[in-house]
Amino acid sequence: MWALDRGGRLEDLMVSMTAESPARRRSERWWQVYEPPYSAEFHSSAFVTERTIAFIEDAARRGGPWLAWASFPDPHHPMSPPGEWFDRHSPDDMELPATVDDPLEGAPRYVQAISQLHPSSQRNWVTPCGVAGDHELVREAMAATYGMIEMIDDGIGQILAALDRLGQADNTIIVFTSDHGDMMGDHSLMLKGFLHYRGTLAVPMVVVDPRRPPGRTDSLAGSIDLGPTLLELADVRGYDGIGGRSLVPVLDDAGASVRDEVLIEDDFPGALVINLPIPSKTRTLVTADLRLTRHSDGSEQLFDMATDPDEVAPLGRTDPARRAEMYERLAAALMEADDLARGMPLSAA
């Protein structure tokens, strides 16, 4: 309704996720790279920006504490930045990932199969696929994605300017992060899902507290840590059994650390229902120098991230001592992450 109220056309805004959806321009290599048939003012990023600013303006008038969650759907496939943002970056200027032609030797069979599935052969629009040697396709997808990202950057700039205008900047904690990454050609793969490489696992995390100086850290952190962190920064007691760990010690000292590993859990029960050749469960443990991934089909990957940051040389079973240590740590992390392992609320009476 928001876009329709501003003059948008329903037939341009509500479309099927297929190659037949309307577009001003579309890639010949992949239908999901295209310029949508509407201008930038009707795009989701414009909606999130406008509504976030309106919320902050209202909160500032009311006074008192407030929390705004500005959740931009982009960058996401389809790679379809509107208007000027579609041409913001040229495919010719895109630098291909160093692992774009990774033969994936030692990778699980399903990952190898996905890498050979050209986007033009996707079963549906959300299915992970591969580069299949098409470097120009990767460049086109990257350029369009950069356009989506820059449109979001513009929107965030408007939100930050509103905080300054309303006198809220010096009393507002800001977090910038994402729910996942995208392979975007890394390891000859595209999109996300069941692919536990850094391209999808590593996301930006920026925490700005006007009471603290800026800094940068290599300490491990997970998205689950944001809840406890924000509660402590706001001087609010966390509930019993809350997951994650507060990162406030790291904000105060970039050399500090609050965890020795990050556990990543990925479930896809649909694989069992529709009989897809992919694992229904994946568990990954990331430490300062290692990454172990175990799939429910029995396949695994172990990488030395210190000597092999691009994750192209899996250790396999060549280092039994470190492999055994990582499995022991994975088991301990799984036990700690279990809901019942963290305790339960008790009545004060």
Side-chain angles (χ1 to χ4, degrees), residues 1-54 69-91 94 114 117-132 134 136-156 158-159 178-185 189-195 200 268 270 273-274 276:
M1 294 301 296
W2 172 86
L4 294 176
D5 290 342
R6 284 156 179 75
R9 301 195 319 157
L10 182 63
E11 57 268 35
D12 293 337
L13 300 168
M14 297 290 292
V15 301
S16 61
M17 293 297 184
T18 67
E20 288 70 42
S21 62
R24 291 178 179 172
R25 285 176 291 168
R26 191 184 303 276
S27 167
E28 296 180 356
R29 289 178 167 81
W30 192 9
W31 72 265
Q32 292 206 54
V33 179
Y34 64 90
E35 180 186 358
Y38 54 80
S39 60
E41 64 182 307
F42 303 124
H43 197 64
S44 60
S45 296
F47 167 78
V48 174
T49 298
E50 179 182 308
R51 298 313 304 156
T52 300
I53 293 174
W69 185 303
S71 182
F72 292 90
D74 282 348
H76 200 282
H77 60 103
M79 295 83 168
S80 54
E84 64 176 298
W85 305 105
F86 187 79
D87 291 318
R88 195 74 171 184
H89 299 273
S90 169
M94 299 297 102
I114 289 174
L117 177 66
H118 192 275
S120 61
S121 302
Q122 281 179 293
R123 293 178 60 179
N124 59 62
W125 74 284
V126 296
T127 304
C129 49
V131 173
D134 193 342
E136 194 59 32
L137 177 146
V138 179
R139 291 189 173 94
E140 289 182 359
M142 290 177 67
T145 299
Y146 282 8
M148 292 189 289
I149 292 173
E150 193 166 355
M151 184 178 184
I152 292 174
D153 287 346
D154 182 78
I156 292 174
Q158 295 179 49
I159 294 171
S178 180
D179 58 343
H180 60 76
D182 195 293
M183 295 308 297
M184 201 61 65
L189 299 165
M190 298 295 290
L191 304 184
K192 59 175 176 70
F194 348 113
L195 304 170
T200 56
F268 187 65
V273 177
I274 55 181
L276 288 176

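Here, residue 1 is the first one in the sequence, and each next residue gets the next number. Because the structure is a prediction, the values reported are computed rather than measured.
To the nearest 0.5 Å, atom OG of residue S178 and atom CZ of residue F72 are 12.0 Å apart. Note that NZ of K192 and CE of M183 are 13.0 Å apart. Values are rounded to the nearest 0.5 Å. We find the CG-CD1 distance between D154 and I159 to be 10.0 Å, quoted to the nearest 0.5 Å. Between D12 atom CG and F42 atom CZ the span is 9.0 Å, to the nearest 0.5 Å. The distance from atom OG1 of T18 to atom CD of Q32, rounded to the nearest 0.5 Å, is 10.0 Å. In this structure, OG1 on T127 lies 7.5 Å from CG on L117, to the nearest 0.5 angstrom.
Between P119 and G130 the shortest heavy-atom distance is CD-O, 3.1 Å. In plain terms, the two heavy atoms of P128 and L195 that are nearest each other are CB-CD1, 4.3 Å. Contact between S71 and V48 at its shortest, heavy atoms only, is O-CG2, 3.5 Å. Scanning all heavy atoms of the two residues, the minimum distance from F86 to E35 falls at CE1-N, 3.3 Å. When all heavy atoms of A40 and P82 are compared, the closest pair comes out as CA-CG, 3.6 Å. The nearest pair of heavy atoms linking S45 to D74 is OG-OD2, 4.0 Å.
The list of ring pair (Phe, Tyr, Trp, His ring centres under 6.0 Å) pairs with a residue in residues 8-37, not counting sequence neighbours, is empty.
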- Message: What verdict does the side chain to side chain contact (heavy atoms under 4.5 Å, CB included) test give for L191 and D182, after you've listed the backbone C-alpha separation in whole Å, the side-chain angles of each residue and the deciding distance to 0.1 Å?
- Response: CA-CA 5 Å; L191 304 184; D182 195 293; 4.2 Å; yes
- Test L4 against L10 for side chain to side chain contact (heavy atoms under 4.5 Å, CB included), laying out the working first. CA-CA 7 Å; L4 294 176; L10 182 63; 4.1 Å; yes
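At least one donor-acceptor pair under 3.5 Å links the side chain of H77 to the backbone N or O of W125. Counting only distance, with no hydrogens or angles, the side chain of Q122 and the backbone of C129 share no donor-acceptor pair below 3.5 Å.
Partners of E28 by side-chain hydrogen bond (donor to acceptor under 3.5 Å, both in side chains), not counting sequence neighbours: none found. Considering only residues two or more places apart in sequence or on other chains, R6 meets the side-chain hydrogen bond (donor to acceptor under 3.5 Å, both in side chains) condition with E50. Not counting sequence neighbours, the partners of H118 by the side-chain hydrogen bond (donor to acceptor under 3.5 Å, both in side chains) test are S120, D134. Residues that satisfy the side-chain hydrogen bond (donor to acceptor under 3.5 Å, both in side chains) test with S21, not counting sequence neighbours, are R26.
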Without placing hydrogens or testing angles, list every side-chain donor-acceptor pair under 3.5 Å for residues 139-148, not counting sequence neighbours.
from	atom 1	to	atom 2	distance (Å)
E140	OE1	S27	OG	2.4
T145	OG1	A141	O	2.8

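Using a 4.5 Å heavy-atom threshold, the side chains of M17 and P78 count as touching. Looking at heavy atoms from C-beta onward, H43 lies in side-chain contact with Y38 at the 4.5 angstrom threshold.
Ion pairing between D87 and R25 holds under the 4.0 Å rule for side-chain N and carboxylate O.
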